There are 2 protein chains.
Amino acid sequence: MPKPSIVLVDPNVAETEKPINEALAQHRTLLVVGNCWVHYVGRAKSKLEAGERILIIKQDGSLLVHRSTGYEPVNWQPPGCVFNGKVKDGLLEITAIRKKPHESVRIFFDRIQMLSALNLVDAGEFSLYASEEDMQKAILLRPSFVEEGFKPASYEKKVEPGFVDVYGMDKEGNLVVVEIKRKTASKEAVLQLAKYIDAIKSRADRRVRGILAAPSIARDVQRLLETLGLEYKQVDPKKCADTLHKAETKKLLEFSEES
Amino acid sequence: MPKPSIVLVDPNVAETEKPINEALAQHRTLLVVGNCWVHYVGRAKSKLEAGERILIIKQDGSLLVHRSTGYEPVNWQPPGCVFNGKVKDGLLEITAIRKKPHESVRIFFDRIQMLSALNLVDAGEFSLYASEEDMQKAILLRPSFVEEGFKPASYEKKVEPGFVDVYGMDKEGNLVVVEIKRKTASKEAVLQLAKYIDAIKSRADRRVRGILAAPSIARDVQRLLETLGLEYKQVDPKKCADTLHKAETKKLLEFSEES
DNA sequence: AATTAAATTTCGCCT
DNA sequence: AGGCGAAGTTTAATT
């Protein structure tokens, strides 16, 4: 039976110790806004001077300290920390300790504008569309996105430097390696594809074609691509997402008709 | 003259429209906790079903939606967004729009546990120690970290593929190229060093040694390194940071004695 | 403005 | 558990 949320506005620092440690013990989400400074020692080492920030401690043991600007937290810890809060001499000190790698974040508050201990109930599903994985699935489903007559044979095939996105054969019987990028193809993508081609060519008995499938490509990158004897095929991630979506809807329909 | 912070606990959704738009207009930091769902369209596309989350909108136009677990936000926008909040049919809809690339995040709240509009005052400085740059400075200051008798000649020297971290001479008069890594040396670091060495060897009149200075190196990477005729020297970033710190303290002392 | 490299990257997947 | 590659990566530096 979860206790309801607690919100304290402008509390004395001293009176926050108990609710904070209760919230931490119950693995609730903790939200603290106030004037603080932060010491971090671990993979690196940092010091943040005093200022007003937002501290978030989540139930999985992750920690975020956010300043008034910027997408990224100024200090943080990934999930799995152990926390402790204590008040001494009018200061609230919150310590987060992680092992492997061993590191710690210590936050000192001398004034707290708001403290909140929350019970966040969240079972909602998150779906991301048009990821590189979606594009891969869509190409396997509709190989003509790459080329008419293309026949995929395998995907995520192990080829020495790493993994090939899609691997198959064109209508002339040549081997085809497809490298997929969700956005504008970079030089790195071209070089990666070239590496795969080289590795496969060395032990193939026929011609090996490399196709870079991406929504766009820069002029100079395309030149590099052509110099290396590779090809480019424009593929729209949105269209891939739509194709996938329709396929999945159809599958669901068939399933419900069967049952 | 900044207005003080506002905190509303369990407000009706309808009554949040005005304070939210005021806070957005005044570029205050907005904190909303409540039950919401999120649609994102832009570089990719995502959908997040209903659940209780924390929304942060910062004064620089960045946006974060945090779930009850995880270091990373489930949805976000980097700084520079334009926001709008409106209430309709008992729902609060907050829209964030970014141009270049054009994308949008729409958040719908049907229940709000807490709303807070903050004026965060934060002029504190953030310092990170033991960066790669710090290690470079420390090696220039104390070349014996690389090797007894090593004499640095230059740093960030242009050598065709890019820049060499530290460049100098050993006590036998051989050229020495030092590549610095703040953490475990990767295969990429070894190959990069090899490229520099090749470039320099081609126009040098004496032996050229390549030393990879890093806190650690994987067994197989070390094998590759040795195959390429390069060397590894263990260097501790923390020790570098300490050396630097002491040097800077000393410098400050000398300065205050002079004046 | 575009490109490249680094990050206390984190995260996921596979060996 | 360690290693490798991808990310709606972001961010800073450099061309």
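What you see below is based on every heavy atom in this structure, not just the backbone, and it leaves out hydrogens, waters and symmetry mates. These figures come from a predicted structure and were not determined experimentally.
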If I take atom [atom1] in residue [X] and atom [atom2] in nucleotide [N], what distance separates them, rounded to the nearest angstrom?
X	N	atom1	atom2	value
A:I107	C:dT8	CD1	P	17 Å
B:R98	D:dT10	CZ	C1'	10 Å
A:D220	C:dA2	CG	C1'	10 Å
A:E103	C:dT10	CD	C1'	13 Å
A:E72	C:dT10	CD	P	10 Å
A:Q136	C:dC13	CD	P	13 Å
B:M135	C:dA6	CE	P	13 Å
B:L191	C:dA5	CG	P	13 Å

Now, which nucleotide makes the Watson-Crick or G-U wobble pair with D:dA6, with each of the two distances under 3.5 Å?
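D:dA6 is paired, partner C:dT10.
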C:dT10 and C:dA6: how far apart are their C1' atoms, nearest whole angstrom?
14 Å
Between D:dG8 and D:dC4, how far apart are the P atoms? Round to whole Å, please.
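One P to the other, the span is 22 Å.
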Over all strands shown, is [X] touching base, sugar-phosphate only, or nothing at heavy-atom distances under 4.0 angstrom?
X	answer
A:V74	base
A:F126	nothing
B:K45	nothing

Select from B:P78 and A:K100 the residue whose nearest nucleotide in DNA chain D is closer to the 5' end of that strand.
A:K100
For DNA chain D, whose closest nucleotide is more 5', that of A:L128 or that of B:V221?
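The answer here is B:V221.
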Classify the side chain of A:Y71 versus the base of D:dT10 as yes if they form a donor-acceptor pair under 3.5 Å and no if they do not.
no
B:K58/A:H66 under side chain to side chain donor-acceptor pair (under 3.5 Å): CA gap, chis, key distance, verdict:
CA-CA 10 Å; B:K58 295 191 185 182; A:H66 271 278; 2.8 Å; yes
Within the pair [X] and [N], is there a side-chain N or O less than 4.0 Å away from OP1 or OP2?
X	N	result
A:Q192	D:dA6	yes
A:K183	D:dT9	yes
A:W76	C:dT9	no
B:K187	D:dG3	no
B:R43	D:dT10	yes

Residue pair B:V105 / B:W76, side-chain heavy-atom distance below 4.5 Å
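Of all side-chain heavy-atom pairs linking B:W76 with B:V105, none is under 4.5 Å.
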If we ignore angles and hydrogens, is there a donor and acceptor under 3.5 Å between the side chains of A:E103 and A:Y40?
yes
Can A:L140 and A:V166 be said to form a side-chain contact (heavy atoms from CB on, under 4.5 Å), step by step?
CA-CA 8 Å; A:L140 291 171; A:V166 177; 4.1 Å; yes
Would you sort out whether A:S216 and A:T184 count as a side chain to side chain donor-acceptor pair (under 3.5 Å), showing the intermediate values?
CA-CA 5 Å; A:S216 59; A:T184 305; 2.7 Å; yes
Measure from the side chain of A:Y40, starting at C-beta and using heavy atoms only, and say which of D:dA6, C:dT8, D:dG8 lies closest.
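Nearest to the side-chain atoms of A:Y40, counting from C-beta on, is C:dT8.
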Between A:F108 and A:W37, what is the ring plane arrangement, given parallel below 30°, perpendicular above 60°, and tilted in between?
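The arrangement is parallel - the two ring planes meet at less than 30°.
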Between B:G70 and A:E188, just flag the one whose closest nucleotide in DNA chain C comes earlier from the 5' side.
A:E188
